[in-house]
Amino acid sequence: MDNAFDLVIFGGTGDLSRKKLLPALYAGYAAGRVSKGTRIFLTSRSAHAGDMVDFLTDVFAKSKPACGLEDGCLAEFANMVTVVGLALNKGGADWDAFAASLNIHKNRPVVHFLAVPPALFTSTCGLLARYKLNGEQARVVLEKPLGHDLASAQAINHDVGQYFKESQTFRIDHYLGKEAVQNLLALRFSNILFERLWSAHTIDHIQITSAEDLGVEGRAGFYEGTGAMRDMVQNHLLQLLCLVAMEPPARMDADSIRDEKLKVLKSLRPLEGAEIDKNVVRGQYGPGAVAGEAVGSYQDDLKLDAPSDTETFVALKAHIENWRWAGVPFYLRTGKRLPDRFAEIVIQFKPVPHSPHPGWDEGGLKPNRFIIRLQPEDHLALRMMVKNHGAKVEALKEVEMNLDVVADDGSRLGPYLRLILDTVRGDQSLFVHRDEVELAWRWVDRIIAHWDAKGDQPIGYQSGTWGPYQAHDLMTRDKREWFYETSKKTRQS
Ligand code: BG6
């Protein structure tokens, strides 16, 4: 079946397009997921005059597609790609020509992917409407940041909404395209085993971590003044929290999933004043070493003269106030220049109330844990106690039950391809509704406003460590610990 579509990447020669979108599209083409007739337009301030194979070779040298490169395939893919010089703030001859080339295929899906700063969203959507490129077959994809607070997010949603219906608007959060995240939903809602245990009755707490070993790398202009709370917590981490905590949706469609996620966001206990000081830790990386290499501080990376109060690390404790989750803490953590790159959700169950095994109450029994690792690899595992083989029946050990399913093409091709193809099909179930974006901002804004009002400075932490020690205190004062570090220490010892 021919599933050819037109994709316009606004900001097509920029960072996101080079690092994520083009490698994903190439891999999709090589795997037969993107058909030959598909056209990919990369908008840029000036039309690219050079050879497309050379351009793509350069792009893929820095960001390798998951499938590796093959000359014949690269040449075919290059034929599908055109660079278009287009001003995004005024119409004119460039837009006339662009609209004419899109109109060659009037009835195929056309995806306008806005990989540009939000300041250009309104003018770009306005021009798309003026040139009648927002018809029934058109979809617009909005890449974060969707504003920097509630008011600016509302303005974006309002402005884009003037030209595109909500059913045509796809707010992308690439974490939702990760295979392990989708598998979480499959496991939760297709097995009686998990759903029956999925509540405050049996769950002690939940941890959600996205850790990076890199610093701000060439994105300084964007990052300074944005910070980890806006860059990671407001979107990726709160989306993961919603999927873990939501009730079973009536159907696996966009409206039903959205309704359940919204209930979670509405039930998040707002943090205020002293609660923020106690439950939210913000840090900024200083000099240190990552993977044995000396690295500079955030200030060095940005070449800043004056100190910056932008945080590169956040750890926090949140609560969802509903029947299912009353009393269960959700610990969220994200940071740059940490020792490792990984993202995972850990569901930690309560300890057994009693066991006949000696030493069970002195740390001999580990609580069950369900681990959903999103990266570096997709991994689902259940940790449980079993008898140590051959030893006496009292001798127990913790084992990991691997729940991974054999990866098909879909998982290897990565989240962006998956989400672009969903956009083409008009399936919004893995996208974020405007109400979700706005509720998430409402929750996060309170914390940021408190920091601003206090003139709060992030706590310095050494690069290559797990952030400020206060992030550990957040756990240890509750007699808990961050899981990945402990498991890693165990694995290395
Ligand atoms: C982006 C953030 O949304 O996610 C980046 O803007 C961050 O700062 C990135 O590095 C992390 O994505 P991933 O998939 O590598 O965890």
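One-based numbering, in listed order, for ligands and for the atoms of each.
Taking the six-membered ring for Trp and the full ring otherwise, Phe330 and His319 have centroids separated by 6.0 Å or more. Separation of the Phe10 and Phe113 ring centroids does not fall under the 6.0 Å cut-off. Residues Tyr26 and Phe60 bring their aromatic ring centres within 6.0 Å.
In summary, Arg258 and Asp435 do not engage in a salt bridge, as defined by a charged side-chain N under 4.0 Å from a carboxylate O.
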So Arg425 and Asp422, salt bridge (Lys or Arg N to Asp or Glu O under 4.0 Å) or not? Walk me through it. CA-CA 5 Å; Arg425 289 189 293 112; Asp422 281 359; 2.6 Å; yes
Checking salt bridge (Lys or Arg N to Asp or Glu O under 4.0 Å) for the pair Glu275/Lys278: CA distance, chi angles, key distance, verdict? CA-CA 5 Å; Glu275 284 219 308; Lys278 190 168 165 219; over 6 Å; no
What's the verdict on side chain to side chain contact (heavy atoms under 4.5 Å, CB included) for Arg480 and Leu474, showing C-alpha distance, side-chain angles and the deciding distance? CA-CA 9 Å; Arg480 298 185 173 112; Leu474 195 65; over 6 Å; no
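The contact set between ligand 1 and Arg341, taken as ligand atoms under 4.0 Å from a residue heavy atom, comprises 13 (P), 15 (O). Per-residue contacts place Lys336 under 4.0 angstrom from the following atoms of ligand 1 (heavy atoms of the residue considered): 5 (C), 7 (C), 8 (O), 10 (O). The Lys144 neighbourhood of ligand 1 comprises atoms 1 (C), 2 (C), 3 (O), 6 (O), with distances under 4.0 Å to a heavy atom of that residue.
When His236, Arg230, Glu143 are ranked by how near their heavy atoms come to atom 1 (C) of ligand 1, first place goes to His236.
Polar contact with ligand 1: absent for Lys20 (N/O pair, distance under 3.5 Å). Residue Ser210 has no nitrogen or oxygen atom sitting less than 3.5 Å from a nitrogen or oxygen atom of ligand 1, judged on distance alone.
Of the protein's heavy atoms, Arg219 NH1, 3.3 Å lies nearest to atom 5 (C) of ligand 1. When hydrogens are left out, the protein atom nearest atom 12 (O) of ligand 1 is His174 NE2, 3.1 Å; that is the closest non-hydrogen contact. At the top of the distance list for atom 11 (C) of ligand 1, counting protein heavy atoms only, stands Glu212 OE1, 4.0 Å. When hydrogens are left out, the protein atom nearest atom 6 (O) of ligand 1 is Asp231 OD1, 2.6 Å; that is the closest non-hydrogen contact.
Neither the backbone nor the side chain of Tyr223 has any atom closer than 4.0 Å to an atom of ligand 1 (non-hydrogen atoms only).
In this model, no donor atom of one side chain and acceptor atom of the other lie less than 3.5 Å apart for Arg139 and Gln168.
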